[in-house]
> 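Submitted below is the structure of interest, expressed as structure tokens.
Counting starts at 1 for both ligands and their atoms, in listed order. Numbering starts at 1 and runs along the sequence shown.
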Amino acid sequence: MSKDPKAMFSIGYGLYVLTSKDEKDSGCIVNAVMQLTSSPEQVAVAVNKSGYTHDLIVRSGKLNINVLSAEAPFSLFERFGFQSGRTVDKFDGFDFWRTENGLTALTGEFCNSVISLEVKQSIDMGTHTLFIGQVTESAVLMSRPSMTYAYYHANVKPKPETKKKGWVCKICGYVYEGETLPEDFVCPWCKHPASDFEPIK
Ligand code: FE
């Protein structure tokens, strides 16, 4: 059997805003969150090393998992996923509250639960760090179903204009116009590589 990268899309995921804080607050979008044990409650989160939030988690040893609901709009993904906390304040003009650990948390508008973690182990995965943490507090904010990765791809990210010729980012929907996509191309919105683009049919 050879390898089909599309097989990975069959694994089920949710979508989350991770928040952390050191000299300032920031947050990012992640999909790889998993409860490992219930007694004590331990959760694993994989975070891309290139993001500012990654460095905040390394320095503070704390993070909040904000579980997005299916109603979360694309603008929320743009705010937390398609810009860097190094250059912008992602909470500027955005409604939030603080959990007991001092970190920011999303309100119940598009977030159904908040889970606070204290990092107990960090595993170097190359491009990502896998943080394993113990739950220090948690709250259910509202009862709407959680956003899944599949629902995001089907209903939230913008559909490319079919008249255009080019390549579309499978992650965020950014359209690159042109016959050939440069091999070293990086998506200007979500920073994913050329391998995450597919031709517009
Ligand atoms: Fe993208």
Side-chain angles (χ1 to χ4, degrees), residues 3-20 25-34 45-57 63 65-94 104 106 109-111 125-131 146-201:
K3 284 207 288 185
D4 183 345
K6 285 202 262 338
M8 289 298 187
F9 290 115
S10 305
I11 299 177
Y13 293 103
L15 280 165
Y16 311 88
V17 174
L18 284 194
T19 50
S20 192
D25 294 294
S26 200
C28 66
I29 303 278
V30 300
N31 65 289
V33 170
M34 183 188 186
V45 183
V47 186
N48 194 307
K49 284 182 185 172
S50 66
Y52 181 60
T53 306
H54 173 272
D55 297 355
L56 296 180
I57 296 169
L63 64 127
I65 300 165
N66 300 269
V67 183
L68 294 176
S69 73
E71 293 85 5
F74 187 65
S75 60
L76 196 137
F77 293 90
E78 289 181 299
R79 171 182 287 272
F80 287 103
F82 303 163
Q83 52 182 358
S84 173
R86 288 192 182 86
T87 50
V88 298
D89 175 2
K90 294 191 183 182
F91 288 95
D92 185 31
F94 188 80
T104 52
L106 270 59
E109 191 181 10
F110 301 119
C111 168
M125 305 294 293
T127 56
H128 289 59
T129 299
L130 183 68
F131 295 106
S146 301
M147 175 75 80
T148 66
Y149 209 39
Y151 186 87
Y152 168 82
H153 281 288
N155 302 293
V156 181
K157 78 172 179 188
K159 300 263 184 299
E161 289 177 45
T162 44
K163 281 166 281 170
K164 282 187 187 167
K165 263 193 117 177
W167 297 73
V168 62
C169 175
K170 288 186 282 186
I171 307 300
C172 74
Y174 173 82
V175 171
Y176 175 89
E177 288 182 68
E179 285 290 326
T180 45
L181 183 73
E183 245 173 66
D184 59 351
F185 190 74
V186 174
C187 177
W189 285 1
C190 72
K191 312 295 181 215
H192 275 246
S195 55
D196 282 322
F197 279 72
E198 61 185 5
I200 299 171
K201 283 160 210 126

> Using modelled atom types only, decide if a donor and an acceptor are shared between the side chain of K49 and the backbone of G126 within a distance under 3.5 Å.
yes
> When you measure from the side chain of S84 to the backbone N and O of R86, does any donor-acceptor pair fall under 3.5 Å?
yes
> Checking side chain to side chain contact (heavy atoms under 4.5 Å, CB included) for the pair I171/Y149: CA distance, chi angles, key distance, verdict?
CA-CA 10 Å; I171 307 300; Y149 209 39; 3.7 Å; yes
> Among P158, P188, C190, find the residue that satisfies the side-chain contact (heavy atoms from CB on, under 4.5 Å) test when tested with C172.
C190
> Can you confirm if the aromatic rings of H54 and F131 lie within a centre distance of less than 6.0 Å?
yes
> Below 2.8 Å, which protein N, O or S atoms neighbour the Fe ion (ligand 1), ignoring water?
C169 SG, C172 SG, C187 SG, C190 SG
> Looking only at the aromatic ring of each residue, does the gap between the centers of Y176 and F197 stay below 6.0 angstrom?
no
